Amino acid sequence: MTIVVRNAEFKDINQLTELMYKYVVDFYRRPKLPFENIHQLIYTLLNHKEGIQFVVEKMKS
């Protein structure tokens with residue numbers, strides 16, 4: 001098995017939304033946010049206006 005790290009893309013939004021939601025609420029212990037706010041955060045990162053996100057994928061060898 002090979003692990004690949006790549007820049008997140010718009011096709012990753014659904015998977016990133018749940019992960020980011022848990023990160024903001026559980027890790028930072030912030031109040032629960034509407035998913036629209038999480039989507040806006042992801043769009044901001046994907047448009048490289050601020051920060052960057054990566055995705056790790058397992059690839060069959």
Side-chain angles (χ1 to χ4, degrees):
M1 176 176 47
T2 303
I3 295 177
V4 175
V5 178
R6 62 173 175 79
N7 287 340
E9 300 172 1
F10 287 102
K11 68 179 183 176
D12 302 312
I13 286 179
N14 290 335
Q15 294 87 349
L16 288 171
T17 299
E18 185 175 338
L19 178 65
M20 288 293 290
Y21 185 83
K22 289 179 181 179
Y23 183 65
V24 170
V25 173
D26 295 341
F27 182 77
Y28 281 110
R29 299 182 189 264
R30 304 293 296 174
K32 293 185 178 184
L33 301 168
F35 280 105
E36 294 81 23
N37 291 30
I38 299 296
H39 277 175
Q40 185 59 46
L41 173 60
I42 293 169
Y43 277 113
T44 298
L45 294 169
L46 289 176
N47 286 319
H48 304 288
K49 294 181 182 176
E50 224 178 282
I52 190 166
Q53 285 187 305
F54 296 101
V55 173
V56 176
E57 293 180 318
K58 294 178 185 177
M59 308 294 265
K60 293 181 181 179
S61 300

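These numbers come from a predicted model, not from an experiment. Numbering of residues begins at 1 and proceeds along the displayed sequence.
In summary, of the residues considered (I38, T44, N37), a side-chain contact (heavy atoms from CB on, under 4.5 Å) with Q40 occurs for T44 alone.
Between M20 and I42, the closest side-chain pair of non-hydrogen atoms falls below 4.5 Å.
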> What do the steps show when you test V5 against V55 for side chain to side chain contact (heavy atoms under 4.5 Å, CB included), and what is the final call?
Replying inline: CA-CA 6 Å; V5 178; V55 173; over 6 Å; no
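When all heavy atoms are compared, the tightest approach of T17 to F35 is CG2-CD2, 3.4 Å. Of all the heavy atoms in K11 and Q15, the pair that sits closest is O-OE1, 3.7 Å. When all heavy atoms of A8 and L46 are compared, the pair lying nearest together is O-CD2, 3.2 Å.
Within a 6.0 Å sphere centred on CZ of R6, other residues, nucleotides and ligands contribute more than 12 heavy atoms.
With D12 contributing its side chain and E9 its backbone, the two residues share a donor-acceptor pair below 3.5 Å.
Taking the six-membered ring where the residue is Trp, H39 and Y43 present perpendicular rings, their angle passing 60° and hence far from 30°.
The hydrophobic clustering, which links ILVMFWY residues whose side-chain heavy atoms are closer than 4.5 Å, places Y23 and L19 apart. Linking ILVMFWY side-chain heavy atoms closer than 4.5 Å, directly or via other members, places F10 and L16 in a single hydrophobic cluster. Linking Ile, Leu, Val, Met, Phe, Trp and Tyr residues whenever their side-chain heavy atoms come within less than 4.5 Å places V56 and F54 in a single cluster.
Note that the CD atom of Q53 and the CG atom of L45 stand 4.5 Å from one another [nearest 0.5 Å].
One finds no salt bridge joining K32 and D26 here, because no Lys/Arg side-chain nitrogen approaches an Asp/Glu carboxylate oxygen to under 4.0 Å.
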